[in-house]
Amino acid sequence: MGKARDRTEDFKDTVRRTAHSLGYDEAKVASIMASFIIHKPPQRSPFSKAALKTLESIGELDQFLLKHRKDYTDLHRTTEKERDSIEHEVSTFIKTCQEQIDILKNSINQEEETSKGWLGIATTKSNADVIAHKHGVVLILSERLHTVTAQFDQLRAVRFQDAINKAIPRRKLNRVTRKDSAETSKPDGMELREPEELRAEPLRVQQQLLDDETRALQVELTNLLDTVQETETKMVEMSALNHLMSTHVLQQAQQIEHLYEQAIEATKNVELGNKELSQAIQRNSSSRTFLLLFLFVLTFSILFLDWYS
């Protein structure tokens, strides 16, 4: 067997001669020859552009969390207002990314509806493969967004836990102070029982009113602190529930992907069944034609034998 020879240069010479024969100038010929070496990048579809944009947004969100992680969790670096601003920006980021993913899902559903032919069966196998690929892209984006959201939920839980730990000692200190003041007020009242008799009645009434207002203010502040602590505890529980819900949403997305794969497999099986039915119909018609031909030949043979005898 002879050795294969490289005919690339011959092909280029043929292309160059053909271009000159068609009247192309040197710039056009050079552009054609350069196209054999430098290939133009393929044009991305609108879905690919939107998916890449969503992936970039999720990456920016991840970088933002890495940049402001210490500022959000350390109570001595930033104020509550600054931490609330960081939380608001992260929530806006997550909402924007989720909206972009929802847009991609809707475009896939529309394409899937338009690609279905008669009886809801996909017209071409390549189109079904493209739709399955797009579903995989959306699933990957959802998993990336879920990972970043889980990181932010952990940071938010740390912040609320620090706030609760900071509020509990303050509450205990207020209770101890109130108890000590109540205990010291009793012996003072007993010792100063005789000087109080010498004081004026209006001063005693005013002092009593001030004491009552002070006790009422302490009770109100204690109730307010209890309410704040209960609210912070509920916020931590809501954050945990949000993380749990996002985990279940991701599991549902995986189950939906599994169901979609099973639906594609079932569609392929239906297509194979239709092909088998078509082949069976063709075989039935061909066998019927052969039987008629056989009967016709047999009848003609009997008539010929009868005439010949």
Side-chain angles (χ1 to χ4, degrees), residues 41-69 72 83-117 120-157 159-160 234-268:
Q43 294 292 331
R44 290 192 177 96
S45 62
F47 179 86
S48 299
K49 293 179 181 178
L52 290 175
K53 183 179 178 181
T54 305
L55 183 61
E56 292 176 358
S57 300
I58 297 174
E60 292 176 359
L61 176 60
D62 192 11
Q63 294 296 326
F64 183 82
L65 287 177
L66 291 176
K67 181 179 179 181
H68 297 280
R69 179 187 295 270
Y72 186 77
R83 286 191 288 274
D84 291 338
S85 177
I86 293 173
E87 185 171 347
H88 177 70
E89 291 182 8
V90 172
S91 300
T92 305
F93 256 113
I94 294 174
K95 183 178 179 181
T96 303
C97 294
Q98 188 61 46
E99 289 177 353
Q100 293 176 356
I101 292 175
D102 292 337
I103 291 173
L104 293 176
K105 288 181 180 178
N106 294 331
S107 65
I108 294 174
N109 293 332
Q110 292 177 0
E111 184 178 357
E112 192 173 4
E113 290 295 331
T114 55
S115 63
K116 289 181 179 180
I121 301 174
T123 55
T124 58
K125 182 177 181 298
S126 60
N127 196 14
D129 294 338
V130 171
I131 293 175
H133 168 71
K134 290 182 178 180
H135 277 289
V137 171
V138 171
L139 181 61
I140 292 173
L141 293 176
S142 300
E143 291 177 351
R144 291 289 300 274
L145 182 60
H146 170 73
T147 302
V148 178
T149 306
Q151 294 177 2
F152 178 66
D153 290 338
Q154 293 176 359
L155 296 179
R156 187 162 50 184
R159 176 192 174 187
F160 289 142
K234 289 182 179 179
M235 290 297 293
V236 174
E237 293 176 355
M238 288 175 61
S239 177
L241 289 175
N242 187 18
H243 178 67
L244 182 62
M245 186 175 64
S246 59
T247 303
H248 285 300
V249 169
L250 180 60
Q251 293 177 356
Q252 289 180 358
Q254 294 175 353
Q255 292 176 359
I256 291 172
E257 182 67 20
H258 182 64
L259 290 175
Y260 181 76
E261 292 177 355
Q262 290 181 349
I264 292 178
E265 186 177 359
T267 304
K268 292 180 180 178

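Fair warning: this is a prediction, and the values are worked out from it, not measured in the lab.
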Indicate the atoms forming the closest heavy-atom contact of A50 with L104, along with that distance. CB-CD2, 3.6 Å

Starting at CD of E89, measure out to CG of L61 and round the result to the nearest 0.5 Å. 11.0 Å

At their closest point, which heavy atom of I264 faces which heavy atom of A132, and how far apart are they? CD1-CB, 3.7 Å

Just wondering, more than 12 heavy atoms not from E265 lying within 6.0 Å of its CD? no

Heavy-atom pair with the smallest gap, counting every atom of N109 and H135: OD1-CE1, 4.5 Å

Between the NZ atom in K134 and the OG atom in S45, the distance rounded to the nearest 0.5 Å is 5.5 Å

Which one of V138, I103, L52, V130 satisfies the side-chain contact (heavy atoms from CB on, under 4.5 Å) criterion with F47? V138

Just how far is it from atom OG of S85 to atom NE2 of H68, taken to the nearest 0.5 Å? 9.0 Å

Locate the shortest heavy-atom distance separating I94 from L145; write the atom from each residue and the value. O-CD2, 4.4 Å

Between D62 and Q151, does the side chain to side chain contact (heavy atoms under 4.5 Å, CB included) criterion hold? Intermediate values first, please. CA-CA 9 Å; D62 192 11; Q151 294 177 2; 3.6 Å; yes

Within this structure, what is the OG1-CD1 distance for the pair T96 and I58, rounded to the nearest 0.5 Å? 11.5 Å

Out of curiosity, S48 OG to H133 NE2, how far, rounded to the nearest 0.5 Å? 6.5 Å

Return the set of residues passing side chain to side chain contact (heavy atoms under 4.5 Å, CB included) with E143 (not counting sequence neighbours), or none when no residue passes. L139, L250, Q254

With heavy-atom distances below 4.5 Å as the criterion, would you say the side chains of F93 and V148 are in contact? no

Nearest 0.5 Å please: distance from the OG1 atom of T147 over to the CZ atom of F152. 15.5 Å

